[in-house]
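Here is the naming used below: chain letters follow the sequence lines, and residue numbers restart at 1 for every chain. Please read these numbers as outputs of a predicted model, since none were measured by experiment.
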Amino acid sequence: MGFEVLLKGNNMVRLLAGLAVSLRISLVSVAISIVLGVILGILMALKNPIITVISRVYLEIVRIMPQMVLLFLVYFGTTKAMGINLEAETAAVIVFSFWGTAEMADLVRGALLNIPAIQYESSISLGLNKLQTYRYVIVPQIIRRMIPLSINLITRMIKTTSLVMMIGIVEVLKVGQQIIEANRKASPGAAFGVFLIIFLLYFIACWPISMLSRYLEKRWEN
Amino acid sequence: MNLDVIISYIPLYIEAFFLTVKIGWLGIFLALAIGLAVAFVIHFKIPFLSGISIVYIELFRNTPLLVQLFFIYFGLPKVGFTISAETCGYVGLGLLGGSYMAEAFRSGFESVPKSQTESALALGLSRKQLFWSVILPQAISQSVPGILANVIFLLKETSVFSAISLMDLMFTAKDLIGLYYDTKEALFLLVVFYIVMLLPVSIIGSFIEKKARFRTLGV
């Protein structure tokens, strides 16, 4: 079945190191996306016409362009058009942050605009000042809505980073291919075992995070 | 950018475009069928099958399409299931999409209030009538936004087909860059064709979404 290949030498360790590369890229991108996304989301909720138009175009680009196309544009396009030689990993982080920021900003904007006006009115009638209203009433509600969704973004980011092998980053899939190639003679069936293990590794990485996000969403629903 | 190069590339891109669209939509229809069936099984708690369905949803929602395709295309032949790249493309997309569509349909089913079922039964509707005429129409109009988001997501996911050497848009672009080094032209056409493929869907999608929202409000 091809599982024996993974027990040879340090193949399993290499595979895990490959997964670590994907996880690193996704965590860096998520961190950048959350920071930029929150800022952009707040700007979008201000309903300034210029910001609205620009952000609409930006969100639509992200909505319809596959991440893979963006990856190619940034990785191959910048070299040709601007003469900048980006490292593959930098290109990946740029693309995934570009994508994640849009997703995050849309969520923040939605959460901000979904706070009913009555919440603000009640706070004023209770004698809270503007700062207190935000500190004790609005922000806690927004955070409760945002946390499950941002956690969810992490799993989507991890899944999307599997694309980086297409621009030559050696991550878990690429390592898997290398192991299969190297053992072509000794165990011709290696592809089954190796790809099944990679499939399960991704599942083990993403599933607990998905569950956590779902749990928090349920718990904080009201 | 060189216009002659662009013009000479266009026929290749058109061919790749039709292949991508074909596999994409085949996959989406498969995903809708799988999703509806799985959501049905889970919502009505059909024994045994609902357990399998939940495992299926969790497995496919938490792994990338690229890994699923690699497993189906390169892994499964080693244990005796060989399928062509094209079949692998839409089966893979259908399986991934099915797990997402199932969630959309399921939340639709859940949004139909219990009183609807009770009233329908009190009015003497049969189980079949209850499902087809009462629950399904309401559930679907509730799941429309989720389904449309999934359609766009799945059409975007078609870009990974090039990894199993399907001659799709991505593959064509990569191939041309590798052969002739006309990177700018190849990437430009790639973007144009993806816009042609997805912008109409995105626009029609938001239009349908508005219609569906009206219907649930009873306007």
Side-chain angles (χ1 to χ4, degrees), chain A residues 1-2 22 59-81 99 155-156 158-167 172-173 176-177 180 187-211 214, chain B residues 1 20 57-81 96 149 152-153 155-163 168-170 173-174 177-178 181-188 190-191 193-203 205-206:
Chain A
M1 301 282 265
S22 313
L59 291 192
E60 193 63 21
I61 292 173
V62 173
R63 199 166 120 97
I64 68 169
M65 271 298 128
Q67 288 90 341
M68 185 92 116
V69 174
L70 295 175
L71 218 48
F72 266 55
L73 279 181
V74 172
Y75 187 57
F76 296 114
T78 49
T79 317
K80 269 280 177 173
W99 165 63
T155 65
R156 292 173 55 205
I158 294 174
K159 284 183 284 176
T160 314
T161 47
S162 62
L163 302 180
V164 298
M165 74 162 289
M166 306 295 280
I167 56 167
V172 61
L173 267 175
Q177 280 184 330
I180 294 163
S187 33
F192 179 80
V194 172
F195 287 133
L196 184 63
I197 294 292
I198 295 177
F199 184 86
L200 293 176
L201 280 178
Y202 265 106
F203 179 71
I204 294 167
C206 293
W207 190 61
I209 309 177
S210 301
M211 293 307 270
R214 209 175 306 166
Chain B
M1 264 192 273
T20 314
I57 291 182
E58 295 299 337
L59 270 179
F60 279 82
R61 273 183 76 98
N62 287 300
T63 46
L65 178 62
L66 192 58
V67 175
Q68 294 164 10
L69 288 179
F70 270 45
F71 178 66
I72 298 172
Y73 190 65
F74 298 112
L76 287 185
K78 305 293 178 197
V79 288
F81 297 96
L96 170 86
I152 291 178
F153 161 71
L155 282 177
K156 280 162 72 180
E157 287 286 297
T158 56
S159 59
V160 311
F161 287 158
S162 59
D168 71 337
L169 287 171
M170 217 57 226
K174 217 168 121 178
I177 293 172
Y181 292 106
D182 290 317
T183 312
K184 270 185 259 173
E185 290 78 1
L187 288 177
F188 171 73
L190 179 67
V191 171
F193 274 89
Y194 264 107
I195 291 174
V196 171
M197 184 164 140
L198 279 146
L199 196 58
V201 180
S202 173
I203 293 170
S206 21

### Message
Restricting to non-hydrogen atoms, name the atom on A/Met65 and the atom on B/Val191 that form the minimum distance, rounded to 0.1 Å.
### Response
CE-O, 3.5 Å
### Task
Mind listing the closest non-hydrogen atom pair of A/Cys206 and B/Asn62 along with its distance?
CB-O, 3.5 Å
### Summary
Honestly, the part of B/Leu155 sitting under 4.5 Å from a heavy atom of chain A is neither
### Task
With the side chain counted from C-beta on, respond yes when B/Val160 and A/Met166 share a heavy-atom pair under 4.5 Å apart, and no when they do not.
no
### Message
Using a 4.5 angstrom heavy-atom cutoff, name the option from B/Met170, B/Met197, B/Arg61, B/Lys184 with the most pairs to chain A.
### Response
B/Met170
### Message
Looking at every heavy atom in both A/Ile64 and B/Leu198, which two are closest together, and how far apart are they?
### Response
O-CD1, 3.0 Å
### Query
Of the listed residues (B/Thr183, B/Val67, B/Leu59, B/Thr63), which shares the most heavy-atom pairs with chain A below a 4.5 Å separation?
B/Thr63
### Message
Which atoms of A/Leu73 are under 4.5 Å from chain B, going by heavy atoms: the side chain, the backbone, both sets, or neither?
### Response
both
### Message
Heavy-atom cut-off 4.5 Å, strictly under: side chain, backbone, both or neither for B/Leu76 against chain A?
### Response
both
### Task
Give the member of A/Gly176, A/Ala191, A/Ala190 that has the highest number of heavy-atom pairs under 4.5 Å with chain B.
A/Ala191
### Task
Name the member of B/Tyr194, B/Tyr181, B/Phe74, B/Phe70 that forms the most heavy-atom pairs with chain A at distances under 4.5 Å.
B/Phe70
### Message
Pair A/Arg214, B/Glu58 - check salt bridge (Lys or Arg N to Asp or Glu O under 4.0 Å), show working.
### Response
CA-CA 12 Å; A/Arg214 209 175 306 166; B/Glu58 295 299 337; 3.1 Å; yes
### Inter-residue atom distance B/Leu65.CG - A/Lys159.NZ, 0.5 Å rounding
10.5 Å
### Query
Is the backbone of A/Arg63 close enough, under 3.5 Å, to the side chain of B/Lys156 for a donor and an acceptor to pair up by distance?
yes
### Task
Starting from the C-alpha separation in whole Å, work towards a yes-or-no answer on side chain to side chain contact (heavy atoms under 4.5 Å, CB included) for A/Phe195 and B/Tyr73.
CA-CA 10 Å; A/Phe195 287 133; B/Tyr73 190 65; over 6 Å; no
### Query
Going through the distances and angles, do A/Gln67 and B/Ser159 end up as a side chain to side chain contact (heavy atoms under 4.5 Å, CB included)?
CA-CA 8 Å; A/Gln67 288 90 341; B/Ser159 59; over 6 Å; no
### Query
Who among A/Leu70, A/Leu173, A/Leu163, A/Leu201 has the most heavy-atom pairs with chain B under 4.5 Å?
A/Leu173
### Task
Report the relative orientation of the aromatic rings in B/Phe60 and A/Phe199; use parallel for angles under 30°, tilted for 30 to 60°, perpendicular for over 60°.
perpendicular
### Task
Measure the CZ-NZ distance between A/Phe72 and B/Lys174 for me, rounded to the nearest 0.5 Å.
5.0 Å
### Query
Atom CG in B/Leu169, atom CE in A/Met68: separation rounded to 0.5 Å?
11.5 Å
